[in-house]
Amino acid sequence: MLKIYNTLTRSKQEFVPRQPGKVGMYVCGMTVYDYCHIGHARVMVVFDTVARYLRHAGYQLTYVRNITDIDDKIIQRAHQNGEAFTALTERFIEAMHEDERALSVLPPDLEPKATQSIDDIIAMIAKLIEREYAYVGGNGDVFYAVSRFDGYGKLSGKNIDDLNAGERVDVDNAKRDPLDFVLWKMAKPGEPYWDSPWGQGRPGWHIECSAMSTCCLGNHFDIHGGGMDLQFPHHENEIAQSEGATGEQFVNYWMHNGFVRVNEEKMSKSLGNFFTVREVLKQYRPEIIRFFILSSHYRSPLNYSDEQLDDAGTALTRLYTALRGVEIIDAPIDEEYKQRFEQAMDDDFNTPVALAVLFDLARELNKAKANQSERVGQLAASLKKLGGLLGVLQEEPDKYLKGQKQRDAVAVGEFASISLSNPTGTASVTGQINDEWIEQKKQQRLEAKKAKNWTLADQIRDELKQQGIILEDAPDGTTSWRRG
RNA sequence: GGCUGCGUAGCAAAGUGGUUAUGCAUCGGCCUGCAAAGCCGCGUACACCGGUUCGAUUCCGGUCGCAGCCUCCA
């Protein structure tokens with residue numbers, strides 16, 4: 001039985017979909033005016049994992065993740081660059097998709113864009129005006145009248161009085177109430193605009209998600225997700241808009257992931273302490289980043305540091321090492337591990353425990369290998385399949401272990417110039433070592449070993465180690481290698 | 001100021017009213033020519049102070065510390 005922590009009730013609840021066997025999930029995606037940072041990566045990976053697991057659990061899932069491709073920041077950035085805002089957003093959408101592919105984030109079923117949903121947005125605003133939840137302000141902008149919506153604050157645990165007392169709410173004379181927020185914003189000269197009953201303008205920040213989610217999934221759907229910081233005001237406003245416009249309950253389960261932190265501080269654009277996915281990919285391969293994200297529970301804070309990423313890399317190497325050289329048979333997942341894994345994931349997607357199950361499985365696999373047990377193939381299949389549910393361990397083990405720590409230089413043009421670095425990162429080596437050279441050295445050493453010339457054999461091994469190559473002699477006399 | 005949440009062994013991270021989390025690191029052993037990998041063994045950790053209880057890291061109250069939201073942010 002799957003339980004999900006619901007922000008709306010601040011408790012774990014049994015997950016019951018509205019229609020048996022079917023799930024609609026909407027996740028707030030990116031506002032595309034810059035590269036994704038690790039915080040964005042967390043949202044992507046977390047909800048990708050949720051989506052994978054829901055499907056594994058047998059649900060027919062419709063996963064929607066929007067793209068907000070029009071807003072003040074986009075306009076501002078495009079203006080700074082002297083380019084059309086569409087050129088800017090297209091570029092960053094492509095970059096985002098690239099980052100997602102790297103992190104094994106599967107595409108959502110639907111990826112609506114705000115600029116392609118303008119009709120729906122206008123229709124919803126019109127509905128809100130009709131139902132007297134919205135009004136045209138003194139400056140021509142359309143505002144949502146927060147005081148008209150009874151449940152305002154129910155998601156974030158705020159009450160309107162406290163909010164009014166806050167000093168940080170902008171005073172805007174065009175609004176009737178400082179808490180009211182914009183639904184439709186009139187275009188200033190030179191700004192992009194769409195025609196509407198209220199004049200030429202663009203949608204406010206929150207309305208696009210209400211419009212896109214209800215259009216794709218219906219007025220009332222199962223799961224809505226996003227980062228913690230969207231709880232207020234973004235998601236609160238979405239509820240007010242959607243429920244105001246439709247008169248129906250909007251969402252049953254609200255899921256919010258915790259932040260990525262740097263030195264105990266939130267990683268964010270405004271603090272400037274963020275690392276973009278592509279930056280980190282120069283140092284760590286994508287699967288390590290994904291593993292790192294999954295190694296803590298999605299609602300906990302996740303502290304970003306090289307040490308943590310290094311640990312994730314070591315841990316992943318252990319799992320791949322267990323799989324190396326094993327012929328994976330086509331077998332169902334071992335029942336015991338499957339149950340433990342599902343028990344973990346059923347408990348609000350407890351990926352750290354799910355990963356612990358993989359490590360236990362790896363240990364048993366290693367033992368089985370030593371005993372020449374016939375279970376080896378099945379255990380390996382189980383490990384790979386369970387890893388697949390988390391979006392890890394899908395590479396060829398030997399290829400993974402021989403691969404460079406960084407993203408494959410050829411994968412993306414702009415990474416072509418990265419240099420190899422040794423495991424400690426203290427020194428760089430040139431790209432002269434290639435697989436043939438390593439194989440040659442390995443052969444030389446095997447011959448030295450045959451001649452019992454241990455000094456030479458050790459010398460060769462040390463030389464390779466200096467290049468970040470670790471040789472491992474198997475009991476059967478063969479030697480394998482990997483990059484450390 | 002209002003509202004959330006957190007504080008677990010050297011590091012990271014789960015979890016639980018009384019029995020092994022797990023990964024990394026350290027140490028000992030097996031294996032190995034020596035290593036590496038692997039396997040086995042080794043850690044009275046649960047911020048502090050009270051309370052409830054036969055028993056609390058786990059429940060309750062308080063203290064301290066940290067983070068987040070209340071403003072654009074995943």
**Asked** Can Asp360(A) and Tyr337(A) be counted as having a side-chain donor-acceptor contact under 3.5 angstrom?
**Response** no
Can you tell me the pairing partner of [N] across any strand shown, Watson-Crick or G-U wobble, with both distances under 3.5 angstrom?
N      : value
U22(B) : A12(B)
G1(B)  : C70(B)
A35(B) : none
A47(B) : U63(B)

Give me the distance, rounded to whole Å, that separates [N] from [M] when you measure between the [atom1] atoms they each carry.
N      : M      : atom1 : result
C24(B) : C48(B) : P     : 29 Å
U8(B)  : C59(B) : P     : 15 Å
A12(B) : C54(B) : C1'   : 36 Å
C60(B) : U52(B) : P     : 15 Å
G55(B) : G62(B) : P     : 23 Å
C6(B)  : A14(B) : P     : 11 Å

**Message:** Working note: Gln467(A) + Trp437(A), criterion side chain to side chain donor-acceptor pair (under 3.5 Å); need CA distance, chi angles, decisive distance, verdict.
**Reply:** CA-CA 11 Å; Gln467(A) 305 293 323; Trp437(A) 181 80; over 6 Å; no
Do the charged groups of [X] and [Y] touch, with an N to O distance under 4.0 Å?
X         : Y         : answer
Glu447(A) : Lys442(A) : no
Arg461(A) : Asp458(A) : yes
Lys266(A) : Asp229(A) : yes

**Prompt:** Should Asp71(A) and Tyr33(A) be marked as a side chain to side chain donor-acceptor pair (under 3.5 Å) after you check the CA-CA gap, both sets of side-chain angles, and the distance that decides it?
**Reply:** CA-CA 9 Å; Asp71(A) 93 322; Tyr33(A) 66 94; over 6 Å; no
Could you tell me the separation between the [atom1] atom of [X] and the [atom2] atom of [Y], rounded to the nearest 0.5 Å?
X         : Y         : atom1 : atom2 : answer
Lys73(A)  : Trp205(A) : NZ    : CH2   : 9.0 Å
Glu94(A)  : Thr89(A)  : CD    : OG1   : 12.0 Å
Asp48(A)  : Arg290(A) : CG    : CZ    : 4.5 Å
Gln459(A) : Glu463(A) : CD    : CD    : 7.5 Å

**Asked** Once the angle between the rings of Phe149(A) and Tyr144(A) is folded into 0 to 90°, is it parallel (under 30°), tilted (30 to 60°) or perpendicular (over 60°)?
**Response** perpendicular
**Prompt:** Any donor-acceptor pair under 3.5 Å between the side chain of Lys266(A) and the base of C73(B)?
**Reply:**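 When only heavy-atom distances are counted, Lys266(A) does reach the base of C73(B) through a donor-acceptor pair under 3.5 Å.
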**Request:** Keeping to residues at least two apart or across chains, list the ring pair (Phe, Tyr, Trp, His ring centres under 6.0 Å) pairs with something in residues 292-327 of chain A.
**Result:** Phe275(A)-Tyr304(A), Tyr320(A)-Tyr400(A)
**Prompt:** Is the gap between the ring centers of Phe143(A) and Phe181(A) under 6.0 Å?
**Reply:** no
**Message:** I'd like to know whether the aromatic ring centres of His235(A) and His256(A) sit less than 6.0 Å apart in this structure.
**Reply:**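 Distance test on ring centres: under 6.0 Å, yes.
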**Item:** Nearest-neighbour nucleotide for the Met267(A) side chain, A14(B), C73(B), A74(B) considered
**Value:**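 Looking only at heavy atoms from C-beta outward on Met267(A), the closest nucleotide is A74(B).
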**Message:** Please pick, from A74(B), A13(B), C66(B), the nucleotide with the shortest atom-to-atom distance to any side-chain atom of Asp229(A).
**Reply:** A74(B)
**Prompt:** Picking from Gln13(A), Lys3(A), Arg299(A), what satisfies side-chain contact (heavy atoms from CB on, under 4.5 Å) with Asp348(A)?
**Reply:**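 Among Gln13(A), Lys3(A), Arg299(A), the one that satisfies the side-chain contact (heavy atoms from CB on, under 4.5 Å) with Asp348(A) is Arg299(A).
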For [X] and [N], give me the distance from atom [atom1] to atom [atom2], rounded to whole Å.
X         : N      : atom1 : atom2 : answer
His234(A) : C73(B) : NE2   : P     : 7 Å
Gln308(A) : C24(B) : CD    : P     : 14 Å
His256(A) : C73(B) : NE2   : P     : 13 Å
His235(A) : C69(B) : NE2   : C1'   : 13 Å
Asp360(A) : U22(B) : CG    : P     : 6 Å
Phe275(A) : A74(B) : CZ    : C1'   : 17 Å
Asp310(A) : A25(B) : CG    : P     : 11 Å
Ile289(A) : A74(B) : CD1   : P     : 18 Å

**Side-chain touch His206(A)/Pro233(A), heavy atoms, less than 4.5 angstrom** = yes
**Asked** Can you check whether Glu265(A) reaches Leu271(A) side chain to side chain, under 4.5 Å on heavy atoms?
**Response**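 Side chain of Glu265(A) against side chain of Leu271(A), heavy atoms only: contact under 4.5 Å found.
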Just the atom pairs and distances: protein N or O near nucleotides 32-39 of chain B's N or O, under 3.5 Å.
unit_1: G33(B); atom_1: O6; unit_2: Arg445(A); atom_2: NH2; d: 3.4
unit_1: G33(B); atom_1: N1; unit_2: Asp458(A); atom_2: OD1; d: 2.9
unit_1: G33(B); atom_1: N2; unit_2: Asp458(A); atom_2: OD1; d: 3.3
unit_1: G33(B); atom_1: N2; unit_2: Asp458(A); atom_2: OD2; d: 2.6
unit_1: C34(B); atom_1: O2; unit_2: Arg461(A); atom_2: NH2; d: 2.3
unit_1: C34(B); atom_1: N3; unit_2: Arg461(A); atom_2: NH1; d: 2.9
unit_1: C34(B); atom_1: N3; unit_2: Arg461(A); atom_2: NH2; d: 3.3
unit_1: C34(B); atom_1: N4; unit_2: Asp473(A); atom_2: OD2; d: 3.1
unit_1: A35(B); atom_1: N6; unit_2: Asp473(A); atom_2: O; d: 3.1
unit_1: A35(B); atom_1: N1; unit_2: Asp473(A); atom_2: N; d: 2.9
unit_1: A35(B); atom_1: N3; unit_2: Arg461(A); atom_2: NH1; d: 3.0
unit_1: A36(B); atom_1: O2'; unit_2: Glu472(A); atom_2: OE2; d: 3.1
unit_1: A36(B); atom_1: N1; unit_2: Asp473(A); atom_2: O; d: 3.3
unit_1: A37(B); atom_1: O4'; unit_2: Glu472(A); atom_2: OE2; d: 3.1
unit_1: G38(B); atom_1: OP1; unit_2: Arg318(A); atom_2: NH1; d: 3.3
unit_1: G38(B); atom_1: O3'; unit_2: Asn366(A); atom_2: ND2; d: 2.9
unit_1: C39(B); atom_1: OP1; unit_2: Arg318(A); atom_2: NH2; d: 3.4
unit_1: C39(B); atom_1: OP1; unit_2: Asn366(A); atom_2: ND2; d: 3.2
unit_1: C39(B); atom_1: OP2; unit_2: Arg318(A); atom_2: NH1; d: 3.2

**Request:** Name every residue in residues 47-54 of chain A that has at least one heavy atom under 4.0 Å from any atom of RNA chain B, in order of residue number, or write none if there are no such residues.
**Result:**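 Contacts with RNA chain B under 4.0 Å: none.
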**Item:** Residues touching RNA chain B, which here means a heavy atom under 4.0 Å, drawn from residues 337-350 of chain A
**Value:** Asn350(A)
**Request:** Sugar-phosphate means primed atoms, P, OP1 and OP2; the rest is base. With that split, encode nucleotides 2-11 of chain B 5' to 3' as B, S or - using protein heavy atoms under 4.0 Å.
**Result:** BSS------S
With sugar-phosphate meaning primed atoms plus P, OP1 and OP2, does [X] contact a base, only sugar-phosphate, or nothing at under 4.0 Å between heavy atoms?
X         : value
Lys269(A) : sugar-phosphate
Ser480(A) : nothing
Val46(A)  : nothing

**Request:** Could you tell me whether the phosphate oxygens of C72(B), OP1 or OP2, come under 4.0 Å of any side-chain nitrogen or oxygen in Ser268(A)?
**Result:**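 Checking Ser268(A) against C72(B): no side-chain N or O falls below 4.0 Å of OP1 or OP2.
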**Prompt:** Does CD in Gln80(A) sit with more than 12 non-hydrogen atoms of other residues, nucleotides or ligands closer than 6.0 Å?
**Reply:** yes
With the criterion being N/O to N/O and under 3.5 Å, what pairs connect the protein with nucleotides 28-30 of chain B, and how long is each?
none

